[in-house]
*Asks:* 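Shown below is the structure under consideration.
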There are 2 protein chains.
Amino acid sequence: MGEGVEWGLHCCVTLGWLHAEAPVPTRRLAAWFDLPQEYLKKRLQALGRAGILASSPGARGGWSLARPPERITMMEVVAALEDGLDAFTCTEVRRRGAGARGGGPELGGTCGVAALMRRAEMAWRRELAAHTIADLMAQSPESAARTHRNYRHLTG
Amino acid sequence: MGEGVEWGLHCCVTLGWLHAEAPVPTRRLAAWFDLPQEYLKKRLQALGRAGILASSPGARGGWSLARPPERITMMEVVAALEDGLDAFTCTEVRRRGAGARGGGPELGGTCGVAALMRRAEMAWRRELAAHTIADLMAQSPESAARTHRNYRHLTG
DNA sequence: GTTCTCTTACTCGGATAGAAACTGTCCGAGTTGTCTGGG
DNA sequence: CCCAGACAACTCGGACAGTTTCTATCCGAGTAAGAGAAC
């Protein structure tokens, strides 16, 4: 899983806290977490395409949450930042080679291995879909307060 | 997730079915699924180091299950074949950059983002740990029968 | 004072390069069953 | 018939490329706010 997922989640949380100061330009978010600005931009663009962040072009533009944080699940953020969502991909190995010779009708159905792997990934998704950016925001009020404090004094 | 995980699971299931013919050499398993023999060998060696498969050196040697299939969980197989088990890795972005200036005590605790991501991965692991190679073997008796039939006639 | 234009500060998308992980191949060394030849 | 030695069939581990994915940077184009000039 790419590092951009961590960045994206933290950015969403921060944008939730900084709702009053939106939009926040990429440069500031990069300085905020000490991240490479150009690459962070690419990941934020992906969140924009997914309808999670909204971009304001032009001077004084930047990024803001496209929806209230209670309506953005962690699953959506992860899905937007990860290309191949499924960690496991079934290549239908069971249908190839000498083992499949004279294959019976069960080869037409879904692969049992893939089915159980999929089931596990569904459990993972369910867990991620059950929590929102608002949950993350609520976890550390101290960080929220410091964010407001620091952002006002942020130069550049 | 690497392709070797799929190979490993299918090989374990097949070795379960071919218990009577064990040990099965890498060459046969590779031909069985039409896989690159040398690379498959590497993955099987990993399963051997993890104590999932047992290797018999020498002529007429090969691989067999190190334990009865009811006692090999899918989780173990995946863990043995995947280096970095955790898909998500927390790099503690929250402690870096301008956003962390004057950091409060909550920065000492665990990261909320990482905690929820971890929770999701635990759900995934739980699901994988709940199913064994025996479960996979039981899913398709037709394949089991064909495996026995084909293996007898397998030349080379 | 209003409007027009110019500059500035942003985002968007594509192109590109480097780093890391995954995939695949090759080789030398060790182990064991089988075959062969001598006793 | 029995035993020693050669041979063949395996695994083990390391070294080494090729390929894909992730990370990172750069550039040109488009958009909006604000400043300044013209009317």
Side-chain angles (χ1 to χ4, degrees), chain A residues 1-8 11 15 21-31 33-64 66 78 80-89 91 93 154-156, chain B residues 1-8 11 15 21-31 33-64 66 78 80-89 91 93 154-156:
Chain A
M1 172 150 301
E3 203 173 348
V5 171
E6 183 186 8
W7 304 356
C11 282
L15 285 175
E21 328 275 348
V24 178
T26 305
R27 176 174 44 79
R28 289 205 160 191
L29 283 173
F33 294 115
D34 192 22
L35 299 176
Q37 175 175 342
E38 287 296 312
Y39 187 48
L40 175 62
K41 189 182 66 172
K42 275 197 136 26
R43 306 332 308 255
L44 296 180
Q45 285 173 356
L47 290 174
R49 279 191 297 274
I52 293 169
L53 298 187
S55 68
S56 315
R60 308 188 66 98
W63 298 95
S64 46
V78 171
L81 293 174
E82 209 65 11
D83 283 333
L85 242 196
D86 305 306
F88 180 86
T89 53
T91 61
V93 145
L154 183 59
T155 66
Chain B
M1 174 149 302
E3 203 172 347
V5 172
E6 184 187 7
W7 304 356
C11 284
L15 285 175
E21 328 275 347
V24 177
T26 306
R27 178 175 44 78
R28 291 206 157 189
L29 283 173
F33 295 116
D34 191 22
L35 298 176
Q37 175 175 342
E38 286 298 310
Y39 186 46
L40 174 62
K41 189 183 64 172
K42 274 194 136 27
R43 307 330 310 249
L44 295 180
Q45 284 174 354
L47 290 174
R49 280 191 296 273
I52 294 169
L53 297 188
S55 69
S56 317
R60 306 188 66 99
W63 298 96
S64 47
V78 171
L81 292 173
E82 209 64 12
D83 283 330
L85 242 195
D86 305 305
F88 180 86
T89 53
T91 62
V93 144
L154 184 58
T155 65

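Since the model is a prediction, treat every value here as computed from it, not as a measurement. Residue numbering restarts at 1 for every chain, and letters A, B, ... go by the order of the sequence lines.
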*Asks:* Considering non-hydrogen atoms only, spot the tightest contact between G8(B) and L47(B) and give its length.
*Replies:* CA-CD1, 4.1 Å
*Asks:* Minimum heavy-atom separation for C11(A) to L40(A), with atom names?
*Replies:*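 Residues C11(A) and L40(A), closest heavy atoms: SG-CD1, 4.1 Å.
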*Asks:* Check the distance between dC22(C)'s P and E82(B)'s CD and give it to me in whole angstrom.
*Replies:*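 Rounding to the nearest Å, CD of E82(B) and P of dC22(C) are 6 Å apart.
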*Asks:* Can you tell me the distance, in whole Å, between the CG atom of L35(A) and the C1' atom of dT23(D)?
*Replies:* 12 Å
*Asks:* Would you state whether a donor and an acceptor, one from the side chain of K41(A) and one from the base of dG13(C), lie under 3.5 Å apart?
*Replies:*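 Check passes, donor-acceptor contact within cut-off.
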*Asks:* Given 3.5 Å as the limit, does a donor-acceptor pair link the side chain of Q37(A) with the main chain of T26(A), or not?
*Replies:*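 Not confirmed, Q37(A) side chain does not pair with T26(A) backbone.
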*Asks:* Walk along nucleotides 31-37 of chain C from 5' to 3' and tag each nucleotide B, S or - by protein heavy-atom contact under 4.0 Å, base first, then sugar-phosphate.
*Replies:* BBSS---
*Asks:* Please tell me if T26(A) has a side-chain N or O lying less than 4.0 Å from either OP1 or OP2 of dT11(C).
*Replies:*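 Answer is yes, contact under 4.0 Å.
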*Asks:* Identify, between G61(B) and E3(A), the residue whose nearest nucleotide on DNA chain D lies closer to the 5' end.
*Replies:* G61(B)
*Asks:* Closest heavy-atom contact between M1(B) and V5(B)?
*Replies:* CG-CG2, 3.8 Å
*Asks:* Can a side chain N or O of S55(A) be found less than 4.0 Å away from OP1 or OP2 on dC12(C)?
*Replies:*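 The answer is yes; a side-chain N or O of S55(A) sits under 4.0 Å from OP1 or OP2.
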*Asks:* To the nearest Å, give me how far apart CH2 (W63(B)) and C1' (dA9(D)) are.
*Replies:* 15 Å
*Asks:* Near DNA chain C, under 4.0 Å by heavy atom, which residues of residues 42-51 of chain A?
*Replies:*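 K42(A), Q45(A), R49(A) - these, ordered by number, are the residues of the stretch whose heavy atoms sit under 4.0 Å from the strand.
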*Asks:* Considering all heavy atoms of both residues, which atom of A66(B) and which atom of L53(B) are nearest to each other, and what is their separation?
*Replies:* CB-C, 3.8 Å
*Asks:* Kindly state each residue pair satisfying salt bridge (Lys or Arg N to Asp or Glu O under 4.0 Å) with at least one member in residues 40-63 of chain A, sequence neighbours excluded.
*Replies:* E38(A)-K41(A)
*Asks:* Measure from CH2 on W7(A) to C1' on dC22(D) and round the result to the nearest Å.
*Replies:*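 The answer, rounded to whole Å, is 10 Å.
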*Asks:* Looking at the side chain of P36(A), which of dG24(C), dT25(D), dT11(D) is the nearest nucleotide?
*Replies:*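 Closest nucleotide to the P36(A) side chain: dT25(D).
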*Asks:* Report yes if the side chains of W63(B) and P23(B) come closer than 4.5 Å at any heavy-atom pair, otherwise no.
*Replies:* no
*Asks:* So does R27(A) get a side-chain nitrogen or oxygen closer than 4.0 Å to the phosphate oxygens (OP1/OP2) of dA9(C)?
*Replies:*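 For dA9(C), neither OP1 nor OP2 has a side-chain N or O of R27(A) closer than 4.0 Å.
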*Asks:* Which one, dC12(D), dT25(D), dT25(C), comes nearest to the side chain of E38(A)?
*Replies:* dT25(D)
*Asks:* Round to the nearest Å and state the distance from F88(B) atom CZ to dC22(D) atom P.
*Replies:*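 Those two atoms, CZ and P, are 15 Å apart.
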*Asks:* Could you tell me which non-hydrogen atom of V24(A) sits nearest to which non-hydrogen atom of R28(A), and how far apart they are?
*Replies:*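 Closest approach of V24(A) to R28(A): CG1-CB, 3.9 Å.
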*Asks:* Please give me the minimum heavy-atom distance between I52(A) and A80(A), naming the atom from each residue.
*Replies:* CD1-CB, 4.0 Å
*Asks:* Okay, side chain of E6(B), backbone of F88(A): is any donor-acceptor separation there less than 3.5 Å?
*Replies:*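 No, the answer is negative, given that no donor and acceptor are paired below the 3.5 Å cut-off.
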*Asks:* Within this structure, what is the CG-to-C1' distance between L29(B) and dT11(D), rounded to whole angstrom?
*Replies:* 13 Å
*Asks:* Could you tell me how far apart M1(B) (CE) and dT23(C) (P) are, to the nearest whole angstrom?
*Replies:* 11 Å
*Asks:* Nearest-Å distance, OH (Y39(B)) to P (dA21(C))?
*Replies:* 13 Å
